[in-house]
Each structure stands twice: as structure tokens, then as C-alpha cells.
Amino acid sequence: MAKKKRLRLIAEMARKIRAYRELKSRPKESQKYALDYESMRRPLTGKMLPVLAWQDVRRESRLFSLLAGMRLFGVGRMFTRKSWLEDHPEPSYWQITKVKVDYTAENMDHGKAWGIFTYKGKQEKEVKEVEKVMYHDWRLIPKDMEQQFKDFQPLPEPPVHYVPYPPLLRAMMLAQRGRAAGREVTEEPALPLQRNVVFNKDYFRRQEEENHRKEGTAV
């Protein structure tokens, strides 16, 4: 008969206490992303921000720096980022649906936010957590421009006519083309998804003659 495993209640309680203390000792968001704007270093880790980010840090705002000064912490409003505005003409933005503020932060400018994400005019269906809230490039979309962002209609994606070959077959084809050309071939082989073949009367006549030739004359 198998021996029952003894419950070590004290050891289990000690494990839970250690896990709780470890959780409590973790640095909060306000401590992790605190920044000394003179030296451009994070006091917790001592790491310096990239030099290319200094200009945005001094001029732009973090998401919670904007939310902290708004009614209901900006729930229902739309926010975009400077990098999205510069990278592509299609609108990309977050519409905030929920905010969890870190009230222990000095100016309540840290926490987590959730919303509906729209990227290049294509809106996602599910609510998810807003990413990279600590970046210094967030911008509030004015009320009179919100409808302009929402009314954008993305262009339909062009149909896919070619797909890449499987890795092994691709390597074999590149090697075969390289041997035939006598040099290294860099052009990627592509597999067409559709072939346009025109069947005319001559094609069917040749097919019929070929079938007769293969079958022979009936005796």
C-alpha cells in the first residue's frame, strides 16, 4: 500500500510568506521607471537613456502624465504616439476604457491602462493592456479630431498571388539555380497560387490525337 504523503503545513506556510515578501519587495512602477531629468538616468538601476531619446523625454509626455491631469483619468479619450504619426499616414491610437492608477506615486502618474487598439486604421476587437506607457512620446488626440481618426477607412489588402516555398525545397531550388548559373543566386523563388491557362480548340484536338496514338486503333 502506497504511503500517504505528509502535509508539511509549516513549510507550506513559510513558502507562502517568502513569496509574499518577495512580491512586496519588488520595485513599483513609479520606482522602476523614475527618471532623473538632469542626468537622464534611472535612479533604481543607474542606467542612462539612449541619447536619441533625450529630446523626446524633455518635450513629450508619458501616457500617465497626460491621464493624471484629466477627468476620470482619461477614460473614453483617444491617445496616439509621436512615432506612429511620423512612421505612417494611417491613424494608430488607443481608446482608453480602464485605468488603474498607482496612488503611491508622487503625482499619481504611474499605473496600468487598458483600451481598444487601432493600428493603421484597423481596430482590434478585444480590450487589452496598453503597452509602453512609460515612453515619452504620447499625445492626446483633441476632441474635434477624434471623429476624423475614427472615420478613416483602410485600403483593402492586395490579393496574395505568390507564397514562399518550404525551407528544404527552397534550399534545393536555390542550389540548383546556382549550379545552372555558375554563381550564387539571391532571387527568392516564389510559388504562384494561381495559373492562368487558356484552353483553345487546338489544345483539345492535340489532346485527342495524343490519346488515340497511345491507345492505338481498335481491331
Side-chain angles (χ1 to χ4, degrees), residues 50 52-53 56 60 63 74-99 112-219:
L52 295 177
D56 284 343
E60 304 292 335
L63 177 60
V75 173
R77 296 299 302 272
M78 295 164 51
F79 295 84
T80 186
R81 293 178 57 188
K82 175 188 173 184
S83 55
W84 294 339
L85 296 174
E86 293 178 348
D87 291 347
H88 42 77
E90 300 88 355
S92 298
Y93 58 89
W94 282 92
Q95 186 166 15
I96 304 300
T97 59
K98 178 184 174 182
V99 176
K112 295 182 179 181
W114 290 262
I116 299 176
F117 184 44
T118 300
Y119 184 68
K120 291 186 177 181
K122 298 178 182 179
Q123 186 182 87
E124 297 184 358
K125 297 181 180 179
E126 297 182 357
V127 175
K128 63 180 184 180
E129 185 176 352
V130 181
E131 301 175 348
K132 301 178 180 178
V133 296
M134 78 294 297
Y135 280 36
H136 289 76
D137 67 341
W138 287 92
R139 295 182 179 180
L140 172 66
I141 299 176
K143 278 275 189 180
D144 57 348
M145 294 184 62
E146 288 185 353
Q147 195 61 37
Q148 180 181 347
F149 275 69
K150 292 180 180 179
D151 291 342
F152 177 83
Q153 294 294 332
L155 296 176
E157 296 184 358
V160 179
H161 297 291
Y162 297 91
V163 295
Y165 279 92
L168 181 58
L169 185 57
R170 169 186 171 274
M172 295 171 61
M173 294 182 66
L174 288 176
Q176 184 179 4
R177 291 182 181 181
R179 288 194 299 268
R183 56 182 177 82
E184 184 178 359
V185 178
T186 58
E187 183 181 357
E188 287 290 333
L191 178 64
L193 296 179
Q194 182 179 1
R195 292 186 178 182
N196 297 323
V197 180
V198 179
F199 298 103
N200 51 24
K201 295 181 179 180
D202 295 335
Y203 173 81
F204 291 105
R205 187 172 61 254
R206 287 196 301 269
Q207 289 290 104
E208 188 177 356
E209 291 176 356
E210 186 176 352
N211 292 335
H212 280 302
R213 187 171 57 254
K214 289 181 178 179
E215 295 175 359
T217 306
V219 178

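All values reported here derive from a predicted model rather than from experimental measurement.
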Query raised in the report: Under a 4.5 Å cut-off applied to non-hydrogen side-chain atoms, are Lys112 and Lys98 in contact?
Result: no
Query raised in the report: Which residues pass the side chain to side chain donor-acceptor pair (under 3.5 Å) test with Ser83, sequence neighbours left out?
Result: Asp137
**Report entry** Minimum heavy-atom distance between Val133 and Val130, given as atom pair plus value
**Finding:** CG1-O, 3.7 Å
Report summary line: Rounded to the nearest 0.5 Å, the CG atom of Leu174 sits from the CD atom of Glu188 at a distance of 6.0 Å
Query raised in the report: To the nearest 0.5 Å, what is the distance between CG (Leu63) and CE (Met134)?
Result: 10.0 Å
Query - Heavy-atom side-chain contact between Arg77 and Ile96 under 4.5 Å - result: no
Report summary line: CD1 (Ile141) and CD (Glu146) are apart, to the nearest 0.5 Å, by 7.0 Å
Requested in this report: Measure the acute angle between the ring planes of Trp94 and Phe117, then classify it against the limits of 30° and 60° as parallel, tilted or perpendicular.
Outcome: parallel
Query raised in the report: Heavy atoms, side chains only, cut-off 4.5 Å: are Pro189 and Arg170 in contact?
Result: yes
Query raised in the report: Is there side-chain contact between Thr118 and Met78, with heavy atoms separated by less than 4.5 Å?
Result: no
Report summary line: Rounded to the nearest 0.5 Å, the CG atom of Leu140 sits from the OH atom of Tyr93 at a distance of 14.0 Å
**Report entry** Over 12 foreign heavy atoms within 6.0 Å of CE, Met173
**Finding:** yes
Report summary line: Rounded to the nearest 0.5 angstrom, the CD-CD distance for Glu209 and Gln207 is 10.5 Å
Query raised in the report: Within a reach of under 6.0 Å around CD of Gln176, are more than 12 heavy atoms found that belong to other residues, nucleotides or ligands?
Result: no
Query raised in the report: Sub-3.5 Å donor-acceptor pair from the side chain of Thr80 to the main-chain atoms of Arg139, do we have one?
Result: no
**Report entry** Close side-chain approach of Gln148 and Phe152, heavy atoms under 4.5 Å
**Finding:** no
Requested in this report: For the residue pair Lys150 and Gln147, establish whether any side-chain heavy-atom pair is separated by less than 4.5 Å.
Outcome: yes
**Report entry** Spatial distance of atom CH2 (Trp138) from atom NZ (Lys132) [nearest 0.5 Å]
**Finding:** 9.5 Å
**Report entry** Heavy-atom side-chain contact between Lys82 and Tyr135 under 4.5 Å
**Finding:** no
**Report entry** Nearest heavy atoms of Trp114 and Val127, plus distance in Å
**Finding:** CB-CG1, 4.0 Å
Query raised in the report: Do you know which two heavy atoms are closest between Glu90 and Lys120, and how far apart they sit?
Result: CB-CA, 3.5 Å
